[in-house]
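Working notes, structure below.
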Amino acid sequence: MADLFHNLAFGFSVALSAQNVGLAFVGCLVGTLIGVLPGVGPIATITMLLPITFGIEPVGALIMLAGIYYGAQYGGSTTAILVNIPGEVTAVVTTLDGHQMARQGRAGVALGIAALGSFCSGCFATLVIAGLAVPLTRLAMIFGPSEYAALMVMGLSFAVVLGRGSILKSVAMVLVGLLLSTVGTDLETGVERMTFGYLPLADGIDFAVLAMGLFGFAEVLRNLETEGTRDVIHGAIGRLLPSRADLRASVGPVARGTLVGAALGILPGNGAVLGPFASYALEKKLAREPRRFGRGAIEGVAGPESANNAGAQTSFIPLLTLGIPPNAVMALMVGAMTIHGIVPGPLVMSKSPNLFWGLIVSMWIGNLMLLVINLPLIGIWVRFLKVPYRLMFPAILLFCCIGIYSVNNSPADVVFTAGFALAGYGAHKMGLESAPLLLGYVLGRLLEENLRRALAIGRGDLLIFLHRPVSAALLAVGLLVLVVAVLPAIRRGREEVFTE
Amino acid sequence: MVAHDDDAREGSPSPAERRLGIGAPQDLAAGASLVALALFALWAAGDLPGGRLGSPGPGLLPRAVAVLVGLAGAALTVSSFLRFGAPLAGWKLRGPLFVTLGVVGFALTIRSPGLAVAGPLVALVSGAASPETRPRELAIFAVVITVLCVVLFRYVLHLPIPILVIPGLVTI
């Protein structure tokens with residue numbers, strides 16, 4: 001315990017330097033902005049800003065990128081409440097009751113409780129990360145290649161189950177991602193694989209190009225089709241501070257949402273996405289009058305909002321302790337770390353403690369800043385909501401083009417990005433979603449490396465994965481999750497969760 | 001790729017598809033594309049040594065994964081004849097066409113003559129992708145946003161982006 005406080009104090013000394021506080025603020029501000037603007041996600045933004053972080057020292061760069069990520073969670077709920085459009089996937093549930101509250105003239109209270117809930121859960125999640133980091137890092141040290149491979153397979157099966165749409169299609173997309181990750185020079189033998197002699201491909205497909213194509217440009221293409229009228233709340237936002245009765249009604253949901261979100265966020269395979277859904281379902285079950293849900297129940301905002309923020313933060317745990325990115329944003333963090341010569345994994349804590357604890361503490365500081373950015377400045381964000389999409393998308397495209405060009409100063413990258421965008425758009429038309437593909441791609445290289453090592457250790461015996469208890473258990477969990485998801489009863493429930 | 005009328009196709013397969021026994025056109029398209037991708041990958045990775053399980057070569061995983069992709073694709077294809085599913089939503093050419101043109105235009109012009117030309121180009125060409133675009137408003141906006149980008153990326157963030165490069169005359 002004393003260690004924990006010592007570490008946190010050290011973290012404060014790093015995170016409170018003028019430069020790092022400034023970068024955290026910029027990150028939170030940009031994050032809120034893109035969260036508010038529908039059609040620009042954190043993936044595209046972080047890709048865009050990646051080149052800018054080259055010049056900043058690594059701690060500051062990661063603090064800023066992290067700020068963008070959880071800032072976007074805050075901003076996403078603002079649009080969900082005011083416009084009925086979730087700025088981010090995790091804010092989908094907030095539209096149900098948050099927008100109803102806004103229509104009843106309680107927009108301010110909805111925004112207020114969302115921000116307060118997020119702040120409380122953010123504080124708790126910071127402590128969870130700090131508390132779990134040391135034991136998990138120790139655990140990671142005893143992991144061999146077969147355990148790592150099994151853990152990643154489990155993460156991928158979670159990603160399949162947690163994704164939208166058909167399970168078979170999600171599996172296929174994860175596999176396509178794995179396939180794409182094998183393009184480039186083989187790490188062990190130096191043989192060029194599927195590069196067709198094209199030199200830039202020798203390093204593999206650039207993650208920034210793939211992510212920007214699938215999530216930056218393709219998003220624009222999809223939005224251009226579904227241009228609808230936006231239902232912006234015109235009336236006054238009203239008082240921001242919830243009344244005493246509101247607070248009493250929200251305490252339970254915030255506490256439960258925080259726990260649910262934090263627990264799911266730790267799962268490899270983007271468990272954070274599930275948090276708000278799970279919290280909403282839980283509150284509806286526990287409520288004395290479930291019928292109020294969907295008609296402006298404050299519990300339906302407080303719970304999911306706390307869950308999404310907690311999950312966003314605890315999803316740093318797999319990355320920082322095991323070196324396994326649980327979602328695409330974390331994969332970009334890997335990119336940012338590698339650029340600065342830091343290998344994500346159990347060694348980060350001992351080799352660069354300033355980065356580790358500085359980043360964790362900066363999240364708490366960032367949460368405090370977000371409270372200030374979101375509540376008093378809400379009027380400014382509302383004005384941003386009124387920018388028409390016909391002007392926004394050319395600007396998004398231009399920013400994306402400049403961003404992707406700057407990563408390698410390569411015009412060819414820009415063209416490749418457009419290619420991936422078309423492919424992603426086409427795949428979306430066929431019901432093939434990009435998110436599982438990206439995760440498959442992210443884990444692909446690491447998975448192959450560990451798989452081959454494990455096979456070499458086991459002298460070609462596939463049973464090595466079952467002989468070692470930890471890897472056998474991880475694989476069993478992965479298999480169980482898949483089997484359970486295919487069971488008809490659960491499948492119906494899953495569809496309900498996503499369509500509700 | 002023909003642009004279909006979305007409303008008319010909502011719900012069930014078209015008569016032609018029903019005659020062929022296709023219940024889930026979207027799944028059929030997805031399955032066929034996955035099989036095609038798998039075959040392509042198998043061909044592309046065909047000359048890589050596979051090695052043995054005990055000492056896996058560079059070709060082992062790509063081929064194994066490609067086979068799995070193909071199997072998933074085949075399963076989707078088969079199931080599309082056996083059960084009803086979502087129709088293939090219509091493609092609209094306008095969005096993808098102008099966005100791609102704009103982005104490719106950016107790639108061709110960013111080195112020379114630079115962002116001063118590439119910026120307005122991508123904004124103007126891609127702007128045509130939306131039916132709601134108003135030409136005059138877009139033209140003004142394109143200039144403003146380009147100036148903003150020049151200031152932000154070049155002078156605030158110090159990225160080495162060429163602003164205006166005309167060989168022999170100007171280099172900014």
Does any backbone or side-chain atom of [X] lie under 4.5 Å from a heavy atom of chain B? Answer side chain, backbone, both or neither.
X	answer
S181(A)	neither
L398(A)	both
L462(A)	side chain
L432(A)	side chain
V171(A)	neither
L451(A)	side chain
R459(A)	backbone

[X] portion near chain A, given a 4.5 angstrom heavy-atom threshold:
X	value
L115(B)	side chain
V69(B)	both
S33(B)	side chain
L76(B)	both
L48(B)	side chain
F40(B)	side chain
D47(B)	neither
L71(B)	neither
P49(B)	neither

Among the listed options [options], the residue most often paired with chain B at heavy-atom distances under 4.5 Å:
options	value
D186(A), L455(A), I457(A)	L455(A)
T417(A), V174(A), V176(A)	V176(A)
L178(A), L391(A), T195(A)	L391(A)
G426(A), C400(A), A427(A)	G426(A)
L422(A), L447(A), D461(A)	L422(A)
I404(A), V415(A), V414(A)	V414(A)

Contact leader toward chain A among [options], where contacts are heavy-atom pairs under 4.5 Å:
options	value
A75(B), G73(B), G57(B), G46(B)	G57(B)
A44(B), G95(B), P62(B), A29(B)	P62(B)
A107(B), A30(B), G31(B), P58(B)	P58(B)
V104(B), L152(B), L37(B), V99(B)	V99(B)

Contact between [X] and [Y] at the side-chain level, heavy atoms closer than 4.5 Å - yes or no?
X	Y	value
H428(A)	E433(A)	yes
S406(A)	I161(B)	yes
P436(A)	V160(A)	no
L397(A)	F393(A)	yes
P56(B)	L61(B)	no
L138(B)	P394(A)	yes

Separation of L101(B) CG from F106(B) CZ (nearest 0.5 Å): 15.5 Å

Return yes if a side-chain donor-acceptor contact under 3.5 Å exists between Y389(A) and N223(A), otherwise no. yes

Is the backbone N or O of A412(A) less than 3.5 Å from a side-chain atom of S410(A), with the two atoms forming a donor-acceptor pair by type? yes

Using modelled atom types and a 3.5 Å cut-off, is there a donor and acceptor pairing between side-chain atoms of R453(A) and backbone atoms of S146(A)? no

List the steps, then state whether side chain to side chain contact (heavy atoms under 4.5 Å, CB included) holds for R63(B) with L42(B). CA-CA 6 Å; R63(B) 278 207 290 272; L42(B) 281 176; 4.1 Å; yes

Run the salt bridge (charged side-chain N to carboxylate O under 4.0 Å, His left out) check on R452(A) and E448(A) step by step: do they pass? CA-CA 6 Å; R452(A) 278 164 78 172; E448(A) 181 181 14; 3.0 Å; yes

Decide salt bridge (charged side-chain N to carboxylate O under 4.0 Å, His left out) for R193(A) and E188(A); before the verdict, give the C-alpha distance in whole Å, the side-chain angles of both, and the deciding distance to 0.1 Å. CA-CA 12 Å; R193(A) 302 194 286 189; E188(A) 278 183 32; over 6 Å; no

Once the angle between the rings of F399(A) and F153(B) is folded into 0 to 90°, is it parallel (under 30°), tilted (30 to 60°) or perpendicular (over 60°)? tilted

Would you please test R94(B) and E225(A) for salt bridge (charged side-chain N to carboxylate O under 4.0 Å, His left out) and show each step? CA-CA 10 Å; R94(B) 182 169 176 170; E225(A) 280 188 358; over 6 Å; no

